[in-house]
Amino acid sequence: RGPVKNICCIGAGYVGGPTCAVLAWKCPDIKVTITDISEERIAAWNSEELPIFEPGLDAVVKEARGRNLFFSTDVDGSIAAADLIFVSVNTPTKEAGIGAGLAADLCYVEAATRRIATVSKKGAIIVEKSTVPCRTAESMRKILEAVSPSTDASFEILSNPEFLAEGTAIEDLLDPARVLIGAMPTPGGQLAQQRLAEVYARWVRPEAIITMGLWSSELSKLAANALLAQRVSSINAIAAICEKTEANVHEVSSACRLDLRIGSKFLEAGVGFGGSCFQKDLQNLIYLSLSLGLPEVAEYWKQVLVMNAWTKRRFSKDIVQKMFSTITSKHIAVLGFAFKADTGDTREAPAIDVCRDLLEDGAVVHIYDPKVSEASIDRALMAKGACSHTATKGKGYIVEPSMQQACAGASALVFMTNWTEFSSKQVDWKAIYQSMSKPAFIFDGRNVVKDVEALKKIGFSVYKSGVGY
Ligand code: NAD
Ligand code: UDX
């Protein structure tokens with residue numbers, strides 16, 4: 001097994017696309033083909049308008065594309081030519097059947113594994129990039145061995161979970177905190193691990209490339225996301241206490257951050273965590289704990305999700321209550337729809353839940369997000385069954401082209417994503433206030449407003465998550 005020269009990535013999504021684009025950019029002598037069954041997605045990757053928004057991604061793709069980076073729907077052909085195959089397909093939570101609502105749906109991993117078994121060349125290294133339950137590599141091996149047409153086929157499977165965060169994916173990929181490569185302790189496993197480590201070593205600090213056992217590597221990904229999500233729920237639990245005691249969660253968290261044992265990051269209180277990973281990976285960990293006969297462990301992690309759901313609901317309830325317990329027919333501007341800034345991704349965005357609650361209570365919702373299209377907003381709200389019970393025509397919500405237009409005529413504005421344009425000095429708050437219906441409320445679920453007093457002076461009633469008044 002020689003050095004890697006030809007890589008295939010199955011799955012051209014938020015992970016496969018940026019990860020392998022950066023790899024191709026950094027290793028011009030390795031041919032990288034990112035393949036997907038979705039023709040629409042591949043066409044977008046081959047166009048001027050990439051299918052995902054990620055700062056810095058355009059430049060990377062445009063430089064490498066056509067040189068040594070290719071996007072193709074020829075899944076079998078791309079697998080057949082590769083000596084290393086990343087499996088980067090989606091692993092959503094199962095919606096039906098055994099484990100529904102908790103277990104990871106591994107049907108896409110299995111489908112990809114079957115194609116690899118059928119068409120890959122002898123000795124190809126298979127890399128789990130998707131987030132999967134612990135010991136998935138074992139199932140993949142069984143499928144590979146049973147399905148492969150060759151009688152002497154031997155497959156090496158590595159675990160190489162991805163830790164990028166959306167919005168900072170390119171930075172994270174260029175200088176990762178760590179790259180984990182898990183392998184079996186066999187000579188074949190160790191050699192495959194070395195081959196993948198050599199690829200990363202082209203641009204990643206050697207001390208950041210960590211090799212370990214396969215099962216530890218698989219579990220590390222679920223553990224890291226569980227710990228991160230738990231921090232957010234923990235600070236949101238403290239925020240709820242602050243709101244009832246006239247304490248300020250931002251002061252409390254800044255005091256906690258100074259303790260090096262606690263650490264300074266990921267203690268931003270708000271309307272709860274969103275994104276495609278935290279909830280799904282926690283559900284995955286809860287299911288794993290239950291399957292292993294560890295109900296107390298499952299219950300512990302479940303509380304992180306309970307706190308998150310409660311935080312979102314509490315935020316909606318507060319809006320209704322502060323607006324004199326009725327929002328029927330009131331216009332409310334929802335500013336930001338993506339689950340965090342610098343991404344157009346709306347998966348599990350708290351804005352979906354909050355918009356649904358506001359619509360159900362009869363508000364007319366005006367949504368503005370700089371990077372989320374109307375079609376994505378429609379899809380996200382429809383999937384959550386969000387609809388207005390009072391709108392006589394239309395959907396009950398309007399997608400607006402600017403912050404100012406969303407706010408004009410509104411009784412309240414609600415910050416759901418911390419886009420920098422919302423806190424920019426260019427925002428003319430006096431003009432926004434004048435354009436709004438009075439009393440004009442601001443509900444800040446993302447710590448966008450820094451100078452509350454200045455806005456109060458203009459006339460706004462300002463409420464921030466985690467700040468008691
Ligand atoms: P995604 O839905 O954006 O992309 C997955 C892609 O795989 C889709 O385009 C789909 O069409 C394609 N696909 C599915 N089955 C296929 C098959 N058999 N052959 C070819 N293509 C196939 O998902 P994502 O956000 O990129 O996540 C992928 C994996 O990475 C998941 O396991 C996720 O948990 C993990 N992960 C995601 C993030 C993130 O920030 N999104 C971060 C770290 C890890
Ligand atoms: C997360 C992990 O950070 C990343 O390592 C993993 O690979 C994928 O899952 P991502 O979901 O893209 O990344 O974004 P992240 O920055 O973790 O934010 C997730 C959610 O938590 C966002 O809705 C964000 O607004 C929220 N959050 C984050 C908080 O509410 N408070 C914080 O202090 C941090």
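Positions are given from 1, in the same order as the sequence printed here. Remember, it's 1-based here, ligands and their atoms both numbered in the order they're listed. Small disclaimer: the values here were computed from a predicted structure and weren't measured.
- Side chain to side chain, D74 and S78 fail the donor-acceptor criterion of an N or O pair below 3.5 Å.
- Contact record, V4 with I7: CG1-CG1, 3.5 Å, taken as the closest heavy-atom pair.
- Across N90, T73, I42, I79, heavy-atom proximity to atom 5 (C) of ligand 1 is greatest for N90.
- By the criterion of a heavy-atom distance under 4.0 Å, neither the backbone nor the side chain of A165 is placed next to ligand 1.
- Proximity of S276 to ligand 1, defined as any heavy-atom pair under 4.0 Å, is confined to the side chain (atoms from C-beta onward).
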List ligand 2's nitrogen or oxygen atoms that come under 3.5 Å of a protein nitrogen or oxygen, with the partner atom and distance.
{"from": "ligand 2", "atom 1": "5 (O)", "to": "F163", "atom 2": "O", "distance (Å)": "2.8"}
{"from": "ligand 2", "atom 1": "7 (O)", "to": "E162", "atom 2": "O", "distance (Å)": "3.4"}
{"from": "ligand 2", "atom 1": "7 (O)", "to": "F163", "atom 2": "O", "distance (Å)": "3.3"}
{"from": "ligand 2", "atom 1": "7 (O)", "to": "L164", "atom 2": "O", "distance (Å)": "2.7"}
{"from": "ligand 2", "atom 1": "7 (O)", "to": "K221", "atom 2": "NZ", "distance (Å)": "2.8"}
{"from": "ligand 2", "atom 1": "12 (O)", "to": "E166", "atom 2": "N", "distance (Å)": "2.8"}
{"from": "ligand 2", "atom 1": "14 (O)", "to": "K340", "atom 2": "NZ", "distance (Å)": "3.3"}
{"from": "ligand 2", "atom 1": "16 (O)", "to": "K340", "atom 2": "NZ", "distance (Å)": "2.8"}
{"from": "ligand 2", "atom 1": "23 (O)", "to": "G274", "atom 2": "N", "distance (Å)": "2.9"}
{"from": "ligand 2", "atom 1": "23 (O)", "to": "F339", "atom 2": "O", "distance (Å)": "2.8"}
{"from": "ligand 2", "atom 1": "25 (O)", "to": "R446", "atom 2": "NH1", "distance (Å)": "3.3"}
{"from": "ligand 2", "atom 1": "30 (O)", "to": "R446", "atom 2": "NH1", "distance (Å)": "3.3"}
{"from": "ligand 2", "atom 1": "31 (N)", "to": "E268", "atom 2": "O", "distance (Å)": "2.8"}
{"from": "ligand 2", "atom 1": "33 (O)", "to": "L267", "atom 2": "N", "distance (Å)": "3.3"}
{"from": "ligand 2", "atom 1": "33 (O)", "to": "E268", "atom 2": "N", "distance (Å)": "2.8"}

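- Among all protein heavy atoms, the one lying closest to atom 44 (C) of ligand 1 is T131 OG1, 3.5 Å.
- Side-chain contact of N68 with K31: a donor-acceptor pair under 3.5 Å is absent, judged by distance alone.
- When each of L57, I170, L69 is tested with V22 by the rule side-chain contact (heavy atoms from CB on, under 4.5 Å), just one qualifies, namely I170.
- Counting heavy atoms under 4.0 Å from ligand 1, residue R114 does not touch it at all.
- Closest heavy-atom contact between A96 and K94: O-CE, 3.3 Å.
- Nearest protein heavy-atom neighbour of atom 39 (C) of ligand 1: E166 OE2, 3.4 Å.
- Looking at heavy atoms from C-beta onward, I377 lies out of side-chain contact with T346 at the 4.5 angstrom threshold.
- Salt-bridge annotation for K340 and D345: absent, with no side-chain N of the basic residue lying under 4.0 Å from a carboxylate O of the acidic one.
- For ligand 1, the polar-atom distance check against K129 finds no nitrogen or oxygen pair separated by under 3.5 Å.
- For the residue pair E128/N160, the side-chain donor-acceptor check at 3.5 Å is not satisfied.
- Of all the atoms in ligand 1, the ones that sit under 4.0 Å from a non-hydrogen atom of S88 are 5 (C), 28 (C).
- Ligand 1 places these atoms under 4.0 Å from at least one heavy atom of L164: 40 (O), 42 (C).
- For ligand 1, the atoms lying closer than 4.0 Å to a non-hydrogen atom of I10 are 19 (N), 20 (C), 21 (N).
- Distances below 4.0 Å separate heavy atoms of Y108 from the following atoms of ligand 1: 14 (C), 15 (N).
- For ligand 1 and G13, the ligand atoms under 4.0 Å from any heavy atom of the residue are 1 (P), 3 (O), 4 (O), 26 (O).
- Looking only at heavy atoms of the protein, atom 27 (O) of ligand 1 is closest to V15 CG2, 4.1 Å.
- S139 and T136 share no side-chain donor-acceptor pair at under 3.5 Å.
- For ligand 1, none of its N or O atoms has an N or O atom of S38 under 3.5 Å away.
- Inspection of the W45 and D36 side chains reveals no N or O donor paired with an N or O acceptor under 3.5 Å.
- At a heavy-atom cutoff of 4.0 Å, ligand 1 is contacted by the side chain of K221 but not by its backbone.
- Nearest non-hydrogen protein atom to atom 7 (O) of ligand 1 is G11 CA, 3.4 Å.
- Taking CZ of F339 as the start and CD of E166 as the end, the distance is 4.0 Å to the nearest 0.5 Å.
- Nearest protein heavy-atom neighbour of atom 23 (O) of ligand 1: R347 NH1, 3.8 Å.
- Of the N or O atoms in E162, none lie within a sub-3.5 Å distance of an N or O in ligand 1.
- Looking at T91, V87, V89 and measuring to atom 29 (C) of ligand 1, the nearest heavy atom belongs to V89.
- In summary, the atoms of ligand 1 found under 4.0 Å from a heavy atom of K280, numbered by their order in the structure, are 33 (C), 34 (O).
- In the vicinity of C277, heavy-atom distances shorter than 4.0 Å reach the ligand 1 atoms 37 (C), 38 (C), 39 (C), 42 (C).
- In this structure, F422 has its ring center under 6.0 Å from that of F415.
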